[in-house]
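Right, one structure below, let's go through it.
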Amino acid sequence: MIVDERFAAYINSLENGNKKYLDELEAYAWKTDVPIIRKEMQSLLKTLLVMNKPKQILEVGTAIGFSALLMAEAAPKAHITTIEKYEKRIPLAKENFKRFGKDGQITLLEGDAAMILKQLTGTYDFIFMDAAKGQYIHFLPEVLRLLNTGGILLSDNILQDGDIIQSRFAVTKRNRTIHARMREYLYTLKHHELLETAILPLGDGAAISVKKETARQEGAE
Ligand code: SAH
Ligand code: MG
């Protein structure tokens with residue numbers, strides 16, 4: 001927990017709830033150790049989708065499809081493309097999309113996002129980054145290529161359960177690579193000429209980035 005648990009509990013107590021099937025899927029995920037987005041992130045995600053009105057959404061990290069289904073409910077007019085590489089989770093995600101009638105709205109791409117992102121040719125209005133934290137920095141160039149101007153990049157788990165503010169020596173050895181890469185990712189999000197980014201200590205940490213027009217594009221107008 002990176003914020004006082006009482007704040008999180010109070011804020012979450014105000015939630016008016018998701019559809020019953022989402023609540024059940026959420027409970028199932030927690031029970032089976034599938035790392036899905038927390039309540040605070042769900043709320044932020046839904047708010048941003050209503051604000052941004054995306055037509056095309058891209059998600060990196062499907063797990064069993066909880067957040068993709070949540071997005072499908074919050075943005076019924078959007079099409080969602082979601083990427084997952086873990087063979088054990090892919091069939092569950094597919095089954096869930098079908099079972100809840102969203103297999104027409106959600107396309108699951110199977111495989112490593114490092115490869116798949118390179119092959120994508122469409123553009124997206126909203127990209128949700130929620131895969132292996134140590135990979136975000138490597139995905140970023142392709143993600144920025146795929147994101148439309150005015151589009152939003154939302155990144156989850158960026159405060160690494162609180163590790164991010166520790167010195168690298170205070171972080172366990174196995175988390176040090178992630179620590180270094182996540183710091184580089186956040187630095188890049190904040191300093192990139194194409195992005196305006198806000199970092200929020202919410203849930204496990206969220207970064208909201210908007211893709212701006214470049215100075216060159218602005219000058220050309
Ligand atoms: N967004 C989901 C949770 C995703 S958990 C939800 O909230 O419901 C992160 C997922 O990313 C895991 O299932 C993991 O297998 C997947 N993942 C991690 N690295 C990946 C990669 N390089 N390519 C594709 N999927 C990846
Ligand atoms: Mg996450």
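Since the structure is predicted, the reported quantities are computational estimates derived from the model, not experimental observations. Every number for a ligand or one of its atoms is a count from 1 in the order of the listing. Heavy-atom basis, side chains included; hydrogens, waters and symmetry copies ignored.
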**Request:** Run down the list E84, K85, K133, H138 and name the one with the heavy atom closest to atom 15 (O) of ligand 1.
**Result:** E84

**Message:** I want to check something: taking the side chain as every heavy atom from C-beta on, are I158 and I164 in contact at a cut-off of under 4.5 Å?
**Reply:** no

**Message:** Using 0.5 Å steps for rounding, measure from the CZ atom of R89 to the CG atom of L108.
**Reply:** 13.0 Å

**Item:** Those atoms of ligand 1 less than 4.0 Å from some heavy atom in I36
**Value:** 6 (C), 7 (O), 8 (O)

**Message:** If I take atom CZ from residue R168 and atom OG1 from residue T177, how far apart are they, to the nearest 0.5 angstrom?
**Reply:** 8.0 Å

**Request:** Compute the minimum heavy-atom distance from Q135 to ligand 1 and say whether it is under 4.0 Å.
**Result:** no

**Asked** Do the charged groups of K94 and E84 touch, with an N to O distance under 4.0 Å?
**Response** no

**Asked** Polar-atom distance check: I37 versus ligand 1, any N or O pair below 3.5 Å?
**Response** yes

**Asked** Short N/O distance, under 3.5 Å, between R89 and ligand 1?
**Response** yes

**Message:** Contact between ligand 1 and E59 is defined here as a heavy atom of the residue under 4.0 Å from a ligand atom; is it met?
**Reply:** yes

**Request:** Could you tell me which atoms of ligand 1, counted from 1 in the order shown, lie closer than 4.0 angstrom to a heavy atom of F66?
**Result:** 8 (O)

**Message:** With a 4.0 Å cut-off on N to O distance, would you call E95 and K98 a salt bridge?
**Reply:** no

**Prompt:** Which residues and atoms, counting only protein N, O or S, are under 2.8 Å from the Mg ion (ligand 2)?
**Reply:** D130 OD1, D156 OD2, N157 OD1

**For the student: nearest non-hydrogen atoms of A93 and T62, plus distance** = CB-CG2, 4.0 Å

**A114-ligand 1 polar pair, N/O distance under 3.5 Å** = no

**Option nearest atom 23 (N) of ligand 1 (shortest heavy-atom distance, choices A113, G134, A132)** = A113

**Request:** Determine whether any heavy atom of T62 lies closer than 4.0 Å to an atom of ligand 1.
**Result:** yes

Show me the donor-acceptor pairs within less than 3.5 Å that the side chains of residues 69-78 make with the rest of the protein, sequence neighbours left out.
| residue | atom | partner | partner atom | Å |
| --- | --- | --- | --- | --- |
| E73 | OE1 | K19 | NZ | 3.1 |
| E73 | OE2 | Y21 | OH | 2.6 |
| E73 | OE2 | K102 | NZ | 3.4 |

**Prompt:** Tell me, which protein residue and heavy-atom name are nearest atom 9 (C) of ligand 1, and how many Å apart are they?
**Reply:** D130 O, 3.1 Å

**Item:** From CE (M129) to OH (Y185), nearest 0.5 Å
**Value:** 3.5 Å

**Asked** Among the heavy atoms of A68, does any lie under 4.0 Å from an atom of ligand 1?
**Response** no

**Asked** Can you tell me which residue and heavy atom of the protein come closest to atom 22 (N) of ligand 1, and the distance to 0.1 Å?
**Response** D112 OD1, 2.9 Å

**Asked** What is the nearest protein non-hydrogen atom to atom 5 (S) of ligand 1, stated with its residue, atom name and distance?
**Response** P35 O, 3.4 Å

**Message:** Contact between F126 and L45 at the side-chain level, heavy atoms closer than 4.5 Å - yes or no?
**Reply:** yes

**Message:** Just to confirm my output: which protein heavy-atom neighbour is closest to atom 17 (N) of ligand 1, and how far is it?
**Reply:** A131 CB, 3.8 Å

**Message:** Please report the interatomic distance CD1(I106) to CD1(I80), rounded to the nearest 0.5 Å.
**Reply:** 4.5 Å

**Protein heavy-atom partner closest to atom 8 (O) of ligand 1 - residue, atom, separation in Å** = S67 N, 3.0 Å

**Asked** Side chains of I57 and F128: does their closest heavy-atom pair fall under 4.5 Å?
**Response** no

**Fill in**
Output for pair (E196 CD, K190 NZ), nearest 0.5 Å, gives 7.0 Å

**Prompt:** For ligand 1, which atoms sit closer than 4.0 Å to a heavy atom of Y86?
**Reply:** 15 (O)

**Asked** Can you find a heavy atom in the side chain of I36 that is under 4.5 Å from one in the side chain of S67?
**Response** no

**Request:** Within a distance under 4.0 Å of any heavy atom of G111, pick out the atoms of ligand 1 and give their elements.
**Result:** 23 (N), 24 (C)

**Request:** Using a 4.0 Å heavy-atom cut-off, say whether F139 meets ligand 1 through its side chain, its backbone, both or neither.
**Result:** side chain

**Asked** Under 4.5 Å between any side-chain heavy atoms of I178 and V171, yes or no?
**Response** no

**Prompt:** How long is the span from the NE2 atom in H138 to the CZ atom in R181, to the nearest 0.5 Å?
**Reply:** 4.5 Å

